[in-house]
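Lettering follows sequence order; numbering is per chain, from 1.
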Amino acid sequence: MATNTQHFQKTSFLSFSRIGVIASHTFTQLVRMKVFYFLVVFVILLWAAKQIILPNQTGGDGSPEQELRLLKSTGFAAMNMFSMLLALSATALLIPKDIEDRTIYTILCKPVPRLDYLLGKLLGVLVLIFVSLVAMDLVLSFFLHQKASGMIALQTEQLVARGTPQEVINEQLAGLKAHGLTINIHFATIAIFLKAIVIASIALLISTFSSSTLFTLILTLIIIVIGLIQADAREYATMMAQFGEQNKLSNISLGVAIFFPDLQFLSIEDGVIDGRNVPMSIMLQISMVAILYFAIYVVLSWFAFRKKEF
Amino acid sequence: MVILAVLGVTGWLKMPYEQKLSEELHALKLVPPRLSLKDRSKLKQKAFIATYGSLRPTIAAFMSVRTTRYHSDQEWDKIENSFDEIVLLDPYNYYYWETASWHMALNAAVDQQEDKSLSEVGKDQVFKKYIKKGKDIIDRAIEINPGDWRYLNLKARLESNRYRNPDYTAAVETYRELLAIPNLADHIVRSTKLSIQHCMQHLPEWHQKSYDHALELFEKGQRYRVPTVQNEILIGQNHPLNEISHRLSLSEIYGSDKEAYTDLKIKWQRRKLGQKPYGVEYSIQELENRLKIPQATRVFPHRPLFLK
């Protein structure tokens, strides 16, 4: 008895091996739900997007770039949708499902701190999203590389045949290459993953005090929508504060800016679709903010969950 | 309560940092531009989708494909409304701005001009109205995409389109604005300067400026010695009101008599376009004599003195 108590007392607050075990169990549990079937849909979707040939209406040189943009846009939209749905639904289901299956009792009656349990569950979901996003990134990169290299070869041939100066050829191809496979594609995937991390943490926080899964889903979805326009509210509140003015709308905007996360800054894939470069400093900054959100929501989830009785 | 308090305090602390980061991202055009309330109401339910990253270009692309149907049905109002939404969804995409202005200023303008139900004055008014719509679209594009030479080039091209109510003075101004953009590629600078030359030649009162500009380009070297510049030097040298610093011979301007003859023949054929071709007729005659061009192929054959 004394040894047991001693052992219990020695239980560390945060154990990575414990978290790892819970995370791998959650990952396996989710994989068994056949979520990876989505990848088949993703491949079909991208293959279809790759086949689209946009009409060159003005006779300009913009069409090849448009086709690459469409391919990237379809890919990122699907990645966004999948990661958001998974982060939202899987996380919202985590605790209720464990309660329903009664696995939560067998876990929490052991010397497993509740923070470890929450982190393990959340990481399981995040690993699943990460693996899926890596797979989707590879598929997108493959299709994009295939389409872009084909277009570059064709354009070079046509421009050389037309006797276009090398300088012009280089510039036109640079435009195409910027829309092809670059490191920025992977940066955009990372940003989508960061967005999923924040969404999953919000869903986890809500699920710790919510009484139903549906409520968690709806409330998280509302927060996501507000989070996507939070930047507008913050800007309005900041502008009004600069002018020294205050009204009902500016107060509401300030409230939104303070209490809700900004999800817009994680939408850098729009810039990547436009063929822009993402500086490393920006990647570091957005990663830092996303991790900060993750830390805040996890700590708050633990706070709400630590004394919850089942 | 504790949760709300923590969210409030951290939210308050992160706000200035987030604002700074957001401004940086907007400056780099990495995130979608902000939509005004007016734009949101214009986009209706699409505004919600537009807030979610990466869906905007997809919707814009499919809307753009749909406009091809409106184009074949000549439904210009529908095209205008569609592109109004498309450019809101994907405002950094040159292709949509170009297509929108092309539809208005080129297709719709001509189509309306052929409307038999309108009077001649009415046709002209509608023609000009659609050209203005095309120009307005490009002006909006320039406002949203400052520093992008392609939009200024598009605007100047429309302003100098001789079939679209041209305003060559405005076109020269726009091309000069384009040249002020830093770090332009060499070939863009070259083609813009040549376009300025082309526009100047359509402004008879700019005879001196046009000649000086041509001379300046000519002195830049072989890459600028194209017929537009060479012909302007010859015409400028022969313009009665121009002040000439130093007169160049035909072979100095064109490289050789043979090349001068080829270029001047074309210029003579197109003499009704642009400025009055001072000195061209005389130069061709001189070259035909010097090169001993057979009478049958001459532009200005000798007329027989006596008819048998």
**Student:** Which value, rounded to the nearest 0.5 Å, describes the distance between B:Leu30 atom CG and A:Ile273 atom CD1?
**Tutor:** 11.5 Å
**Student:** Is it the backbone or the side chain of A:Glu171 that comes under 4.5 Å from a heavy atom of chain B, or both, or neither?
**Tutor:** side chain
**Student:** Enter the distance from B:Trp12:CH2 to A:Ile258:CD1 here, rounded to the nearest 0.5 Å.
**Tutor:** 5.0 Å
**Student:** In terms of heavy-atom pairs under 4.5 Å, which option from A:Phe209, A:Tyr293, A:Phe260 contacts chain B the most?
**Tutor:** A:Tyr293
**Student:** Pick one of side chain, backbone, both or neither for A:Leu266, based on which atoms fall under 4.5 Å of a heavy atom in chain B.
**Tutor:** neither
**Student:** With heavy-atom distances below 4.5 Å as the criterion, would you say the side chains of A:Leu70 and B:Pro57 are in contact?
**Tutor:** no
**Student:** Could you check whether A:Arg69 pairs with B:Asp90 (Lys NZ or Arg NE/NH1/NH2 to Asp/Glu carboxylate O, under 4.0 Å)?
**Tutor:** yes
**Student:** Calculate, to the nearest 0.5 Å, the distance between atoms CD and CD belonging to B:Glu18 and A:Gln230 respectively.
**Tutor:** 5.0 Å
**Student:** Quick check on A:Leu300 against chain B: is it the side chain, the backbone, both or neither that has a heavy atom closer than 4.5 Å?
**Tutor:** both
**Student:** Please round to the nearest 0.5 Å and tell me the distance separating atom CD of B:Gln19 and atom CZ of A:Arg234.
**Tutor:** 4.5 Å
**Student:** Flag the pair A:Val289 / B:Tyr17 as yes when at least one side-chain heavy-atom distance between them is below 4.5 Å, and no otherwise.
**Tutor:** yes
**Student:** Got a second to check how far A:Leu292's CG is from B:Thr10's OG1, nearest 0.5 Å?
**Tutor:** 7.5 Å
**Student:** Applying side chain to side chain contact (heavy atoms under 4.5 Å, CB included), name anything that partners A:Ser207, two or more places apart in sequence or on another chain.
**Tutor:** A:Ile95, A:Leu204, A:Thr216
**Student:** For residues B:Leu28 and A:Pro279, report the shortest heavy-atom separation together with the two atoms involved.
**Tutor:** CD1-CG, 3.9 Å
**Student:** With a 4.5 Å cut-off on heavy-atom pairs, point out which of B:His26, B:Glu23, B:Met15 contacts chain A the most.
**Tutor:** B:Met15
**Student:** Please rank A:Asp262, A:Ile286, A:Val168 by heavy-atom pairs under 4.5 Å with chain B and give me the top one.
**Tutor:** A:Val168
**Student:** For A:Phe303, is it the side chain, the backbone, both, or neither that has a heavy atom closer than 4.5 Å to a heavy atom of chain B?
**Tutor:** side chain
**Student:** For each of B:Val9, B:Leu106, B:Leu25, B:Asn107, tally heavy-atom pairs with chain A at distances under 4.5 Å, and name the one with the top tally.
**Tutor:** B:Leu25
**Student:** Mark yes or no for whether B:Arg56, through its side chain, and A:Asp270, through its backbone, hold a donor-acceptor pair below 3.5 Å.
**Tutor:** no
**Student:** How long is the span from the CD1 atom in B:Ile3 to the OH atom in A:Tyr297, to the nearest 0.5 Å?
**Tutor:** 11.5 Å
**Student:** Check each atom of A:Ile282 against the heavy atoms of chain B and say whether the ones under 4.5 Å are side chain, backbone, both or neither.
**Tutor:** side chain
**Student:** May I ask you to check whether B:Asn93 and A:Gln66 show a side-chain donor-acceptor distance below 3.5 Å?
**Tutor:** yes
